[in-house]
Protein chains: 2
Amino acid sequence: MITLTEENYIKAIYHLSSNGEKTVNTNAIASAMQTKASSVTDMIKKLSEKNYADYKKYQGVTLTSEGKRVAINIIRKHRLWEVFLVEKLNFSWDEVHEVAEHLEHIKSDKLIDELDAFLEFPTYDPHGDPIPDKEGNFKHIEKIVLAKAEVGSTYKCVGVDDTSSKFLKYLDSNHIALGTIITVKHKEPFDNSIKIALEHSEIVVSQSVAKNLYLKKI
Amino acid sequence: MITLTEENYIKAIYHLSSNGEKTVNTNAIASAMQTKASSVTDMIKKLSEKNYADYKKYQGVTLTSEGKRVAINIIRKHRLWEVFLVEKLNFSWDEVHEVAEHLEHIKSDKLIDELDAFLEFPTYDPHGDPIPDKEGNFKHIEKIVLAKAEVGSTYKCVGVDDTSSKFLKYLDSNHIALGTIITVKHKEPFDNSIKIALEHSEIVVSQSVAKNLYLKKI
DNA sequence: AAATATTTTTAGACTAATCTAAAAATATAT
DNA sequence: ATATATTTTTAGATTAGTCTAAAAATATTT
């Protein structure tokens, strides 16, 4: 039997290894899980014994194929619940993450497959992230970060990196949502801020915003 | 913060005290929770410290008003999720209990109030049990158990005591569901079995079935 | 290549929830 | 009313997950 804590570590390792390097180091996991390195060492030993991870002392950790399967399944559940919360229960996109963190651990294949069908097999969650299907397959959308977009080009907003309530509320208040059309007007070399044009307005966003907003060229 | 285990003990104590006596004894809780009496003693001490229960050594336990509030809220969540599973996700009434046991512990007022609204404020769950409203009020239906029904009278099936999959499947296979009209034909004194008439059939049910089926006179 | 800094692991302790076995309290029977 | 049985509590141990502090390994700097 896999515990809730094990699931959360597996998910954290998956996310850390999908943005970048393949082996994940102890401190990175500790900071993602808001815990101490010594606790992480204990847990990755356990994950290794249970065959969810490959681990050699001092060398970092990678997920086994079984570990990846578990991670993707949790992500599938998380994102399906997020769609449910937004589309059926009137949650806004900045409110869903915390509740979905809990719902994602409910163990019932029938529950999640029926939920998938009830929602008509959505392929993206409310933040633009792809939802794995029952077999764990999901599309990798070709997206770039606003910080690397080119001046003069027009893009569609397709996702966010940071899903914190703060960031999402900032986007709401500036009328940026999934699907919003954005034209890059000017990049300011001094502070890396970017001037963008929306449908009815022009705004300047800071570098930290520009690094967390995903776009697709149109 | 209240833990999942504390919630489950509180729920068990609530159910044990609502069918009958007001103070609940240690062994009864142990058997309901499938654990040992010594574990129960430890937990009721803790519940008592946290003001969810009143407890004097060797004298059994009762819930405080705060304990009751917690219990009723868990029951509300459990039953609302059961309605959701049956009405929206194609679960049958014998499949819902186990999943609802987990969903009932998700902590989000918005989640449960929006779910309530989404389901159009149902007042009974799929087993005929009343669903408490946001303030914790629920109707107590006047019901009797089939074992105590009178020969010659006609009743409507309004609920079950045992919600195990086995029992519910038995009822399904004999075409008994909530709302089914039942006339009591004969009580057999030898084994306390009862012959009942349904719409298109007459069947004999055992005493253990008769004790778990709730009826309302019509 | 030594010295220093950083990262990771180990050792030992803590908490929540559980267990077994024994002791204490209460209830029942003769 | 005493003996016996049952129930409940205590004492001490166990497991999962965490922590602190120290030790060991690795990485970086000079």
Residues that [X] engages under side-chain contact (heavy atoms from CB on, under 4.5 Å), provided they are two or more places apart:
X: B:T26; result: B:A37, B:V40, B:T41, B:I44
X: A:P132; result: A:I72, A:I75, A:R76, A:F138
X: A:N90; result: B:E114

Using whole Å, what does the distance between atom [atom2] of nucleotide [N] and atom [atom1] of [X] come to?
X: B:M43; N: C:dA16; atom1: CE; atom2: C1'; result: 8 Å
X: B:I2; N: C:dA16; atom1: CD1; atom2: P; result: 14 Å
X: B:Q34; N: C:dT18; atom1: CD; atom2: P; result: 12 Å

- Under a 4.0 Å heavy-atom criterion, the protein footprint on nucleotides 7-14 of chain C, written with B, S and -, is SBBB----
- Item | No-hydrogen, no-angle side-chain donor-acceptor test under 3.5 Å, B:T5 and B:T3 | no
Side-chain donor-acceptor distances from residues 99-107 of chain A under 3.5 Å, at least two apart:
{"unit_1": "A:E101", "atom_1": "OE1", "unit_2": "A:K11", "atom_2": "NZ", "d": "3.2"}
{"unit_1": "A:E101", "atom_1": "OE2", "unit_2": "A:K11", "atom_2": "NZ", "d": "3.1"}
{"unit_1": "A:E101", "atom_1": "OE2", "unit_2": "A:H97", "atom_2": "NE2", "d": "3.3"}
{"unit_1": "A:H102", "atom_1": "ND1", "unit_2": "A:E98", "atom_2": "O", "d": "3.2"}
{"unit_1": "A:E104", "atom_1": "OE1", "unit_2": "A:H78", "atom_2": "ND1", "d": "2.7"}
{"unit_1": "A:E104", "atom_1": "OE2", "unit_2": "A:K11", "atom_2": "NZ", "d": "2.7"}
{"unit_1": "A:H105", "atom_1": "ND1", "unit_2": "A:E7", "atom_2": "OE1", "d": "2.6"}
{"unit_1": "A:H105", "atom_1": "NE2", "unit_2": "A:N8", "atom_2": "OD1", "d": "2.9"}
{"unit_1": "A:H105", "atom_1": "NE2", "unit_2": "A:E101", "atom_2": "O", "d": "3.3"}
{"unit_1": "A:K107", "atom_1": "NZ", "unit_2": "A:E7", "atom_2": "OE2", "d": "3.2"}
{"unit_1": "A:K107", "atom_1": "NZ", "unit_2": "A:H105", "atom_2": "O", "d": "3.3"}

- Task: Using the closest heavy atom to pick a nucleotide of DNA chain D for each, name whichever of A:K36 or A:E6 lands nearer the 5' end.
- Result: A:E6
- Query: Can a side chain N or O of B:T35 be found less than 4.0 Å away from OP1 or OP2 on C:dC19?
  - Reply: yes
When the side chains of residues 47-62 of chain B are checked against the rest of the protein, which donor-acceptor pairs come out under 3.5 Å, sequence neighbours left out?
{"unit_1": "B:K50", "atom_1": "NZ", "unit_2": "B:M1", "atom_2": "O", "d": "3.1"}
{"unit_1": "B:K50", "atom_1": "NZ", "unit_2": "B:E6", "atom_2": "OE1", "d": "3.2"}
{"unit_1": "B:K50", "atom_1": "NZ", "unit_2": "B:E6", "atom_2": "OE2", "d": "2.9"}

